Number of protein chains: 4
Amino acid sequence: MPKVGMEPIRKAALVKATILEIGRTGSLDVTVSQIAKRAGMSSALAHHYFGSKEQIFLAAMRHILSLYGAEVRGALAMAEGPRARLTAILRASFTAVNFRREVIGAWLNFYVLAQTVPEAKRLLRVYQARLHTNLVYDLRKLVGARAEEVARGTAAMIDGVYIREALKQQAMPDGTAAAAMALQYLTLELDKTE
Amino acid sequence: MPKVGMEPIRKAALVKATILEIGRTGSLDVTVSQIAKRAGMSSALAHHYFGSKEQIFLAAMRHILSLYGAEVRGALAMAEGPRARLTAILRASFTAVNFRREVIGAWLNFYVLAQTVPEAKRLLRVYQARLHTNLVYDLRKLVGARAEEVARGTAAMIDGVYIREALKQQAMPDGTAAAAMALQYLTLELDKTE
Amino acid sequence: MPKVGMEPIRKAALVKATILEIGRTGSLDVTVSQIAKRAGMSSALAHHYFGSKEQIFLAAMRHILSLYGAEVRGALAMAEGPRARLTAILRASFTAVNFRREVIGAWLNFYVLAQTVPEAKRLLRVYQARLHTNLVYDLRKLVGARAEEVARGTAAMIDGVYIREALKQQAMPDGTAAAAMALQYLTLELDKTE
Amino acid sequence: MPKVGMEPIRKAALVKATILEIGRTGSLDVTVSQIAKRAGMSSALAHHYFGSKEQIFLAAMRHILSLYGAEVRGALAMAEGPRARLTAILRASFTAVNFRREVIGAWLNFYVLAQTVPEAKRLLRVYQARLHTNLVYDLRKLVGARAEEVARGTAAMIDGVYIREALKQQAMPDGTAAAAMALQYLTLELDKTE
DNA sequence: AATGAATGAGGATTCATTCAT
DNA sequence: GATGAATGAATCCTCATTCAT
């Protein structure tokens, strides 16, 4: 039996290792060798699969963004009514899957990567656009014309909570508390207009 | 008598150049040579005055943080009453001096630097602590026990607005709009309790 | 299957090149690039295998010391009786393998290296201790209580002859004459007590 | 009053500082700045007086060699008879002035310098030649034809004792013991022929 | 006389990337 | 598929030396 189907396994291992390494060091100054080592292979193989370091980073970004997207979709599927849906989106943003030490560190660095690498910027904008659309969709029903504005505020709050968590560097981020902070803002906006 | 007194001039030029370069490239991957060149001197001289690249970065951070501090102090000096003071703090956060393209890019990267360099983390924490104290001081009078919570929310909002601006990369950041977004949150909190 | 097993070959080539370069220039101010070039590879590869310049130097030292050790052991294996053994040790010290231009130059510089690099000092002390032990072992039988003293004198004489040879810088060191000088001292000591 | 006559003072201070620094670090990798700082002046001034680092080193060498020469001359002046004179020369070699920590370290490094800098080699050869002449002069009367040979052996012994002391790096070198070791060899040679 | 200012040249080290096997 | 081998390019940093004052 030929060793087929290794590609997705290897790639997944590299993506995971990349996030861990970026999260661990808190910086993009991670070498391909470090990543490959943690993924249990040679750096040459990493290049073989991804072509370049930049592509490895982008794959890691896509992974995190898709994890996030999945979490949000899952949460939305169970929520009934605009308010519940909005709450679900926010909660999903601070789930244990997303609001982990490494992921938070990676997140911050992806913002930096986006300053340099166009594709990274594009990815981040896609994420922002989706979040915005999702928020506006339900906000429209609750705050009408102010939906856009409130959506922007909410998104800013989410990012702000993330970035501040990155600085705390405590062992275990408290997703619940973080979600509460973001929810607090949203609630104020909603209750004001209701 | 030797040519004398260049040190502060050179250092200031380097700090300025550092912020410009970090802002321009949107990353800490800036070489000392680039910085020195932009500051109109050799990289050797940059090292002579600062000792290391890290120290150059830290000096740039200190500069930005002190600019920010000055702006806040200046605004506070003219404000009467807690509400006006809180508004002043927020407005100061998005003044033309602080909310410039380069500075925003630098800000983001300083958060990254703080993940690696202890002194950078310390500086950022000092900034956060000061902001927190300032906010709580006036919030106490307006929202009482919830002061701490609201202060944290406000700070998160400020950081969130900054980080999102970094991604826009438009020619001229709109400080007024940014301030408005942060103020909106604060207003909601204040009006709720009043 | 990758090209494999180059490490020992490369390392050996680098060690040899290091000794040659130090011997040629008569100083430790040799660049890794020079060494690597002479060894037929890039300086990056030299670092890859040794990690640092210091490690390259230490490897070269170990090589020379082990050559010396082997020479002494070989000579001792064929010698019968304490006097013959002592003579063998001295002769081995000035064998063609050891008493070469480059090796003499390297030797001197290793003494300098030992002033700065602890591991180098340790290596040199190990060499001295072994020589001392070897000498004392046989001297004890011939001069009894004075063995320690005579051993120290002999060792000093060996080092002295080496250092003076370094200054001559003639094309071909005369190992026989050098050995004779050291033997002369030893003979005097032995004959005096006999 | 103009500040005249500073030159010899400055030069002397630099020479002293050079020996101290070389002795302290045990290597020639001493910067002009370090030397100048220890001598209480700027590195620019050091260059002003000596022209180059190499010249500073050479001046330091000359100083040490002349100290040594003076010590020997002084000792010879008081000695009566060939045997006493020879003893005096050896004793002078390990006087407190010469056999100091820094001076020993400097000595070793001057041998290294001599490998690179022709003038340094010349100086060292002059020293060796003088010592040789001095020794032979008196040895001739005591051992006749063997004078040359014994002189070379004695000189080697002196250098050997120095180099080994450099490795000990103990706080206070024991000049008396060192002298005794060299004298022991000489005595053997003399007593053998007498 | 004296020094702060300034730099060019160089050197150790790192790393993404390529290649032969 | 997989990796050890190999390197060019880059970067930080140091330092002897020069210069203007």
Side-chain angles (χ1 to χ4, degrees), chain A residues 2-7 9-10 29-37 40-57, chain B residues 1-7 9-10 29-37 40-56, chain C residues 1-7 9-10 29-37 40-56, chain D residues 2-7 9-10 29-37 40-57:
Chain A
K3 234 175 174 179
V4 286
M6 287 305 286
E7 178 155 349
I9 298 173
R10 295 297 199 183
D29 286 337
V30 175
T31 70
V32 175
S33 294
Q34 280 168 35
I35 294 172
K37 188 173 191 179
M41 71 194 82
S42 71
S43 68
L45 194 55
H47 273 93
H48 175 67
Y49 280 124
F50 280 105
S52 76
K53 186 183 185 178
E54 192 171 302
Q55 289 304 317
I56 300 179
F57 278 172
Chain B
M1 277 159 289
K3 190 177 175 188
V4 90
M6 292 304 286
E7 178 156 349
I9 298 172
R10 294 300 198 182
D29 285 337
V30 175
T31 69
V32 174
S33 293
Q34 280 168 34
I35 295 171
K37 189 171 190 179
M41 71 194 80
S42 70
S43 67
L45 195 55
H47 275 100
H48 174 67
Y49 282 124
F50 280 106
S52 75
K53 188 183 182 177
E54 190 171 303
Q55 289 304 316
I56 299 179
Chain C
M1 276 158 292
K3 193 178 176 185
V4 89
M6 292 305 287
E7 178 155 350
I9 298 172
R10 294 301 199 183
D29 285 336
V30 175
T31 69
V32 174
S33 292
Q34 280 168 34
I35 294 171
K37 190 171 189 177
M41 70 193 83
S42 71
S43 67
L45 194 55
H47 274 98
H48 174 66
Y49 282 123
F50 279 106
S52 76
K53 188 182 183 176
E54 190 172 302
Q55 289 304 317
I56 299 179
Chain D
K3 233 177 178 179
V4 286
M6 287 305 284
E7 179 154 347
I9 298 173
R10 293 297 199 184
D29 285 337
V30 175
T31 70
V32 174
S33 294
Q34 281 168 33
I35 294 171
K37 188 173 190 178
M41 70 195 81
S42 70
S43 69
L45 194 55
H47 272 94
H48 175 66
Y49 280 123
F50 280 104
S52 75
K53 187 182 183 177
E54 192 172 302
Q55 290 304 317
I56 300 178
F57 278 171

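In the text below, chain A, chain B and the rest are named by the order of the sequence lines, each starting its count at 1. What you are looking at is a predicted structure, and each value in this text was computed from that prediction instead of being measured. Note that these values count all heavy atoms, side chains included, but never hydrogens, waters or copies made by symmetry.
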(request) Could you grab the distance from atom OH of C:Tyr49 to atom CE of C:Met41, nearest 0.5 Å is fine? (result)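 If we round to the nearest 0.5 Å, C:Tyr49:OH and C:Met41:CE are 8.0 Å apart.
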(request) Report the distance from atom NZ of C:Lys53 to atom CD1 of C:Ile56, rounding to the nearest 0.5 Å. (result)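 Separation between the atoms: 8.5 Å.
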Using atom [atom1] of [X] as one end and atom [atom2] of [N] as the other, report the distance to the nearest whole Å.
X       : N      : atom1 : atom2 : value
C:His47 : F:dA10 : NE2   : C1'   : 14 Å
C:Gln55 : E:dT13 : CD    : P     : 10 Å
D:Ile35 : F:dT17 : CD1   : P     : 11 Å
C:Glu54 : E:dG11 : CD    : C1'   : 16 Å
A:Arg10 : F:dG1  : CZ    : C1'   : 8 Å
C:Tyr49 : F:dA5  : OH    : P     : 4 Å
D:Leu45 : E:dT3  : CG    : P     : 6 Å
D:Lys53 : F:dA16 : NZ    : P     : 4 Å

The side chain of [X] lies closest to which of these nucleotides: [options]?
X       : options               : answer
A:Ala44 : F:dA6, F:dT7, F:dG4   : F:dG4
A:Ser42 : F:dT3, F:dT7, E:dA6   : F:dT3
A:Val32 : E:dA16, F:dT14, F:dA5 : E:dA16
D:Ser52 : E:dT7, F:dT17, F:dA5  : F:dT17

(request) Could you say whether B:Ser43 or C:Ser43 is positioned toward the 5' end of DNA chain F, judged by the nucleotide with the nearest heavy atom to each? (result)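 First, find each residue's nearest nucleotide; the 5'-ward one identifies C:Ser43.
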(message) Show the nearest heavy-atom pair for residues D:Val30 and D:Gln34, with the distance to one decimal.
(response)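 Looking at all heavy atoms of both residues, the shortest contact is CG1-OE1, 3.6 Å.
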(request) Taking all non-hydrogen atoms of both residues into account, name the closest pair between D:Ala36 and D:Ala46 and its distance. (result)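 That would be CB-CB, 4.3 Å.
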Looking for any heavy atom pair under 4.0 Å, which part of the strands does [X] touch: base, sugar-phosphate only, or nothing?
X       : result
B:Thr31 : sugar-phosphate
B:Phe50 : nothing
B:His48 : nothing

(request) May I ask which nucleotide in the shown strands pairs with F:dA16, Watson-Crick or G-U wobble, both distances under 3.5 Å? (result)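 By the stated definition (distances under 3.5 Å), E:dT7 pairs with F:dA16.
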(message) Strictly by Watson-Crick or wobble contacts shorter than 3.5 Å, is anything paired with E:dA2, and which nucleotide is it?
(response)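 By the stated definition (distances under 3.5 Å), F:dT21 pairs with E:dA2.
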(message) Using heavy-atom distances to pick each residue's nearest nucleotide on DNA chain E, tell me which of B:Gly40 and C:Ser33 is more 5'.
(response)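 Residue closer to the 5' terminus by nearest nucleotide: B:Gly40.
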